[in-house]
Amino acid sequence: MCDLSTELLDWYDLHARAMPWRTPPAEKQAGVRPDPYRIWLSEVMLQQTTVAAVTEYFNRFTKRWPTVSALAAADDADVMGEWAGLGYYARARNLLKCARAIVADHGGIFPADHAALLKLPGIGPYTAAAISSIAFDLRHVVVDGNVERVMARLYNVHTPLPAAKPELTTLAEALTPNSRPGDYAQAVMDLGATLCTPKSPACGICPWRMPCLARQAGTAQDLPKKTPKKPKPVRHGTVYLARRSDGAWLLETRPDKGLLGGMLGWPGSDWVDVADNRPAGMPPIEAQWSPLAGEVRHTFTHFHLILTVLHADTDNTPTQGTFVPREAFRPSDLPTVFRKAFDLIANPPH
DNA sequence: CAACCGTGGGA
DNA sequence: TTCCCAAGGTT
């Protein structure tokens, strides 16, 4: 009755954060069941992404596609466009694959089965456990960055990540209660997100301040240890913004594989590590190109990019890409790096 | 197992 | 400015 999980659940009952996809603990205990579609969608969006960034995307997605069946029936380009700006675009491609698999293979109903969930595209160990526990109250243990940090501190584990993950997973599993596993999973993550934060943890008001070994040892601030990251190289490239006299823009849908796969973008050169003689590639259409003032600087997961932006007005026939009518072009459909290139025209630097 | 895969906010 | 990091998955 006074074990660690009970103390944390008591804290969660008082301090649970409100989120559009979350069923508050009081409602849940009154019998309200979470919608597995909304739990799945939110969990995929939350992969490596902050709650603040996800919230507006989640609200737009669920308004436009209220059910997994509606999402499964959507056009690929609409889903990719709606995801634009959120990053990690393989998630959006797998989101559609998963929605269509749910309809085709599971009758449009998410399976209340951890092993079955794990087989679906874009659902890995974390997300399968999150859906199992949060949506279906099955006893599965989520291990995300929050859980890793909280466990490393609670048990004063100094092994660096990612090597420490198996050990931290074992510790997290041992703590998980048989009752309310879904609320418990969310409670540990809320604790990590609000009190047991990476920097300056609020140990003084933490429900686990007494049993926490790292707080006793004075090492909480320094945990978890992480293996150092590799430096990001700088790459260079060129993009071509061609405008037809009727206002249409020349764009292309990128191939499904690789960086920004499946997304709308400007035609351009490869992005290479050579600092001087910047790659120009082959223009996608014959025109009189002129460089825009300024350049696009953007940082991806594993490299920095500096992009030269060329612009031309032309009514020639493109050898690459497709003209998108002015009224059909939404800059918000572009991933951020390409929206920045468009911004050089729409809002020129002073 | 390590590399690849985005973005924006905060320190 | 630069670095870190956020409810990871796939290959």
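Lettering follows sequence order; numbering is per chain, from 1.
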Inset, instruction - Take the protein atom NZ of A:Lys232 and the nucleotide atom P of C:dC5, then report the distance between them rounded to whole Å. - result: 12 Å
Inset, instruction - Mind calculating the distance between CZ (A:Arg297) and C1' (B:dT7) to the nearest angstrom? - result: 18 Å
Legend entry - C:dC5 phosphate, OP1 or OP2, under 4.0 Å from A:Lys229 side-chain N/O: yes
Inset, instruction - Let me know the distance between NE2 of A:His304 and P of C:dT2, rounded to the nearest Å. - result: 8 Å
Inset, instruction - May I ask you to verify if any side-chain N or O of A:Arg149 is less than 4.0 angstrom from the OP1 or OP2 atom of C:dA6? - result: yes
Inset, instruction - Take A:Leu292 and A:Ile345 through the test side-chain contact (heavy atoms from CB on, under 4.5 Å) and record every step on the way to the result. - result: CA-CA 7 Å; A:Leu292 292 181; A:Ile345 286 192; 3.3 Å; yes
Inset, instruction - Under 4.0 Å between any heavy atoms, over every strand shown, what does A:Ser42 touch: base, sugar-phosphate, or nothing? Just pick one. - result: nothing
Inset, instruction - Using a cut-off of strictly less than 4.0 Å, decide whether A:Thr336 has a side-chain nitrogen or oxygen near OP1 or OP2 of B:dG8. - result: yes
Inset, instruction - Could you check how far CD of A:Glu43 sits from P of C:dG8, rounded to whole Å? - result: 9 Å
Inset, instruction - Using a 4.0 Å heavy-atom cut-off across all strands, classify A:Pro162 as base, sugar-phosphate, or nothing. - result: nothing
Legend entry - Those residues that, when tested against A:Asn316, pass side chain to side chain donor-acceptor pair (under 3.5 Å) (two or more places apart): A:Thr314
Inset, instruction - Whole angstrom is fine here: how far is it from CZ in A:Arg254 over to C1' in B:dG6? - result: 12 Å
Inset, instruction - Look at the side-chain N and O atoms of A:Thr50 and state whether any lies under 4.0 Å from the OP1 or OP2 oxygen of C:dC5. - result: no
Inset, instruction - May I ask you to establish whether A:Arg254 and A:Trp271 are in a cation-pi arrangement, using a distance under 6.0 Å from NZ or CZ to the six-membered ring centre and at most 45° from the ring axis? - result: yes
Inset, instruction - Mind checking A:Leu86 for me? I need base, sugar-phosphate or nothing, with any heavy atom below 4.0 Å counting as a touch. - result: base
Legend entry - Check: A:Thr301 side chain, B:dG6 base, donor-acceptor under 3.5 Å: yes
Inset, instruction - Pick base, sugar-phosphate or nothing for A:Trp83, based on heavy-atom distances below 4.0 Å to the nucleic acid. - result: nothing
Inset, instruction - Classify the side chain of A:Thr49 versus the base of B:dG6 as yes if they form a donor-acceptor pair under 3.5 Å and no if they do not. - result: yes
Inset, instruction - Assign A:Met19 to base, sugar-phosphate, or nothing according to its heavy-atom contacts below 4.0 angstrom with the strands shown. - result: base
Legend entry - Options C:dG9, B:dG6, C:dA7, nucleotide nearest the side-chain atoms of A:Ala193: C:dA7
Inset, instruction - For C:dT10, take OP1 and OP2 only and decide whether either is under 4.0 Å from a side-chain N or O of A:Tyr88. - result: no
Inset, instruction - Identify, between A:Phe300 and A:Lys230, the residue whose nearest nucleotide on DNA chain B lies closer to the 5' end. - result: A:Lys230
Legend entry - Lys/Arg cation over aromatic A:Tyr57: A:Arg60, 6.0 Å, 45° cone: yes
Inset, instruction - May I have the distance from A:Ile123 (atom CD1) to C:dG9 (atom C1'), rounded to whole angstrom? - result: 11 Å
Inset, instruction - May I ask you to say whether A:Arg326 pairs ionically with A:Asp246, meaning some side-chain N is under 4.0 Å from a carboxylate O? - result: no
Inset, instruction - Please figure out whether A:Lys199 or A:Gly85 has its closest DNA chain B nucleotide nearer the 5' end. - result: A:Gly85
Inset, instruction - Would you mind classifying the nucleic acid contact of A:Arg17 as base, sugar-phosphate or nothing, using non-hydrogen atoms under 4.0 angstrom? - result: base
Legend entry - Side-chain ion pair, A:Asp137 and A:Arg33, N-O less than 4.0 Å: yes
Inset, instruction - Calculate the interatomic distance between A:Leu46 atom CG and B:dG8 atom C1'; express it in whole Å. - result: 15 Å
Legend entry - Proximal nucleotide (of C:dA7, C:dC5, B:dG6) relative to the A:Lys226 side chain: C:dC5
Inset, instruction - Find which nucleotide of DNA chain C each of A:Tyr126 and A:Lys257 is nearest to by heavy atoms, and output the residue with the more 5' nucleotide. - result: A:Tyr126
Legend entry - Below 4.0 Å: OP1/OP2 of B:dA3 and any side-chain N or O of A:His302: no
Inset, instruction - Give a yes/no answer on whether the side chain of A:His298 brings an N or O atom under 4.0 Å of OP1 or OP2 in B:dT7. - result: yes
Legend entry - Whole-Å C1' distance, C:dA7 and B:dA2: 23 Å
Legend entry - Any A:Gln48 side-chain N or O less than 4.0 Å from OP1/OP2 of C:dG8: yes
Inset, instruction - To the nearest Å, give me how far apart OH (A:Tyr184) and C1' (C:dA7) are. - result: 15 Å
Inset, instruction - For the residue pair A:Trp249 and A:Phe329, categorise the inter-ring angle as parallel (less than 30°), tilted (30 to 60°) or perpendicular (more than 60°). - result: tilted
